[in-house]
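Let me begin by presenting the structure, written as structure tokens, before commenting on it.
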Amino acid sequence: MTGTWEFTNAKTARSCRVHLGDEAGLHGRQLGAPPACRAALPLLGQAAGWNLEGARVTMVDASGKKLVSLEREANGPGFASAAEGLTLKPLGQARAPAAEPVHTAAGPAATHAPKAGGGVAAPPPPPASVAPNVTPQSLAGLYGVAREKNKPICSIDLILAQGRKEGRMPAKLSGGCIDSGLKVFDPVGWRTGNGRLYLVAKKGHEQGFSVMPDGTWQKDPVSGAQLYLKKQ
């Protein structure tokens with residue numbers, strides 16, 4: 001199930017590539033989509049995760065509330081919600097389970113048919129919200145934190161060291177930060193996965209970020225006020 005999928009709303013004739021990740025989030029597995037797609041397709045603007053339940057894919061918001069259920073197509077490789085006019089079609093190496101669906105993510109599937117030259121067709125690039133070569137080493141450092149792009153209000157240090165939990169590293173918000181939302185969230189750790197950056201709150205919940213073309217990390221999915229991180 002993991003990989004890049006085409007999400008289409010036939011009623012508005014709009015479609016977007018989404019990334020269904022295999023990492024578990026607070027509510028379901030990680031779901032990534034470019035910011036432009038989240039604006040064009042309102043449902044994606046709310047979607048924070050996905051789950052596979054038998055022959056059904058569900059998308060949920062940041063609170064775990066189900067947004068939509070898409071049933072496995074009887075004569076096709078994807079999923080659909082006829083009432084909503086929505087379809088989810090696999091691209092590249094992504095595919096729906098061939099046999100009885102299971103709740104764990106499937107491994108990489110076979111690619112599409114070979115090209116005329118004999119080579120195997122390359123899968124499409126991941127969506128803009130997923131950076132393929134992100135590593136902890138490349139992410140660690142001091143970041144300006146902003147509610148409006150390029151207008152930092154404080155800073156956060158993503159430290160390259162082992163945190164209290166495996167896979168998480170320590171983060172330290174600047175002592176002079178006056179943003180009440182950040183102070184309530186109280187980031188104490190960070191991690192990376194599937195090309196995305198995650199800040200970890202003191203209480204254990206996470207906020208994901210997707211990278212933009214200029215290297216700025218934008219809160220994704222967007223809920224409440226926007227938040228940007230820019231390496232200093």
Side-chain angles (χ1 to χ4, degrees), residues 1-98 100-103 105-106 109 111-113 121-131 149 194-196 207-213 218-227:
M1 277 297 300
T2 58
T4 304
W5 294 69
E6 188 83 14
F7 184 71
T8 301
N9 186 333
K11 293 182 178 180
T12 61
R14 292 190 173 185
S15 63
C16 182
R17 290 183 177 183
V18 299
H19 182 78
L20 302 185
D22 61 358
E23 289 197 10
L26 191 60
H27 300 289
R29 300 181 184 276
Q30 300 292 346
L31 183 151
C37 286
R38 294 188 180 277
L41 294 167
L43 188 144
L44 286 180
Q46 303 176 61
W50 69 279
N51 291 293
L52 180 62
E53 302 172 351
R56 182 185 300 113
V57 167
T58 62
M59 293 185 182
V60 298
D61 66 13
S63 67
K65 179 183 176 181
K66 183 168 67 177
L67 297 172
V68 68
S69 290
L70 299 102
E71 301 283 346
R72 176 73 182 270
E73 293 179 320
N75 300 307
F79 298 82
S81 171
E84 302 289 341
L86 303 173
T87 57
L88 189 65
K89 305 282 188 181
L91 296 173
Q93 291 182 310
R95 69 172 183 181
E100 181 66 19
V102 293
H103 288 270
T111 58
H112 287 287
S129 63
V130 179
K149 204 172 178 185
N194 289 335
R196 288 161 57 84
Q207 174 61 60
F209 292 80
S210 59
V211 69
M212 302 174 72
Q218 173 179 283
K219 186 169 71 168
D220 181 17
V222 178
S223 58
Q226 183 55 274
L227 193 64

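Just so you know, these numbers use all the heavy atoms, side chains as well, and skip hydrogens, waters and symmetry mates.
By the side-chain contact (heavy atoms from CB on, under 4.5 Å) test, Lys66 pairs with Thr58, Ser69, sequence neighbours left out. Residues that satisfy the side-chain contact (heavy atoms from CB on, under 4.5 Å) test with Ser15, not counting sequence neighbours, are Glu6, Thr8.
Identified under the salt bridge (Lys or Arg N to Asp or Glu O under 4.0 Å) test for residues 82-91, with sequence neighbours left out: Glu73-Lys89.
The closest donor-acceptor contact from the side chain of Arg17 to the backbone of Leu91 lies at 3.5 Å or more, if one exists at all. Formation of a donor-acceptor pair under 3.5 Å by the Gln226 side chain with backbone atoms of Gln218 is not found in this model.
Taking CD of Glu53 as the reference point, atom CD of Glu71 lies at 10.0 Å (rounded to 0.5 Å). Taking CG of Leu31 as the reference point, atom CG of Asp61 lies at 12.0 Å (rounded to 0.5 Å). Between the CG atom in Leu70 and the CZ atom in Arg56 there is a gap of 10.0 Å [rounded to 0.5 Å]. Atom CG of Leu20 and atom CG of Leu88 lie 6.0 Å apart (nearest 0.5 Å). Distance CG/Leu43 to CG/Asn9: 8.5 Å, rounded to 0.5 Å. How far CH2 of Trp50 is from CH2 of Trp5: 8.0 Å, rounded to the nearest 0.5 Å.
Closest approach of Gly78 and Pro90 over heavy atoms only: CA-CD, 4.0 Å. The heavy-atom pair separating Arg196 from Ser210 by the smallest distance is NH1-CB, 3.9 Å.
Using a 4.5 Å heavy-atom cutoff, the side chains of Met212 and Lys149 are in contact.
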